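Down below is the structure, laid out as structure tokens.
First the proteins, then the strands, lettered A, B, ... as listed; each starts at 1. On a predicted model such as this, the values are computed, not experimentally measured, just so you know.
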Amino acid sequence: GNSVTQMEGPVTLSEEAFLTINCTYTATGYPSLFWYVQYPGEGLQLLLKATKADDKGSNKGFEATYRKETTSFHLEKGSVQVSDSAVYFCALILNTNAGKSTFGDGTTLTVKP
Amino acid sequence: EAGVAQSPRYKIIEKRQSVAFWCNPISGHATLYWYQQILGQGPKLLIQFQNNGVVDDSQLPKDRFSAERLKGVDSTLKIQPAKLEDSAVYLCASSQNPGANQETQYFGPGTRLLVL
């Protein structure tokens, strides 16, 4: 079956620190990969996505590169802000299955001033 | 544009009672999803509709859970009877194009269910 494994949290960083949240996946086909973010008290929202190998998704200073050889999609940001404090979910959607998605368990990020 | 709407936002019931959740997707979105998110875990897909037909309900506990999508727009998810382990946030999401794997899913705020 398909699965997504995320780096366990919680992660606590100081403002302007470098962020990496690891995500690896297993899939029976060729998935598209996503990072969703959930801010306190809000619903899940798409942060970035990549639909094929070597694609880089980016948004709001966050980046992630689809690495087929290592089955990974690690999330990075060069300088985090307090407003980045949230729960981050890695997810895959399998090409052969109309929109069906598999989510990781989420990583809680807290950024301190 | 208006987002995905869900109600109620919170629900507390006793075990063996019944409960229903409602979702109104973004206008024009053909695909609607119901997820269960247990505390500390990621969302787990329960059922996926494309218009008013079921695409995938392989993870829906059909002995107690049911869902329908009226006229291909609104959807209702029901639990009857509820168990303690059903305590979770129930998320509804929608996407525009059926079958497009790279399509963004837009999530509602969720309904937080507590079963006592």
Student check: side-chain heavy atoms of B/His29 and B/Ser27 closer than 4.5 Å: no

Option among B/Tyr35, B/Phe21, B/Trp34, B/Tyr33 that satisfies the ring pair (Phe, Tyr, Trp, His ring centres under 6.0 Å) test with B/Tyr90: B/Phe21

Which atoms of B/Leu91 approach chain A - backbone, side chain, both or neither, heavy atom under 4.5 Å: side chain

Chain B contact via A/Gln38 - side chain, backbone, both or neither, heavy atoms under 4.5 Å: side chain

In one Ile/Leu/Val/Met/Phe/Trp/Tyr side-chain cluster, 4.5 Å: A/Leu47, B/Tyr106: no

Qualifying residues under side chain to side chain donor-acceptor pair (under 3.5 Å), relative to B/Asp74, sequence neighbours excluded: B/Trp22, B/Asn24

pair B/Ser75-B/Leu77: side-chain heavy atoms closer than 4.5 Å: no

Side chain / backbone / both / neither for B/Gln6 at chain A, heavy atoms under 4.5 Å: neither

Taking every non-hydrogen atom, the tightest pair across A/Leu44 and B/Phe107: O-CB, 3.4 Å

Any A/Tyr39 side-chain heavy atom under 4.5 Å of A/Ser83 side chain: no

Inter-chain contacts: residues 103-113 of chain A against chain B, heavy atoms under 4.5 Å: A/Phe103, A/Gly104, A/Asp105

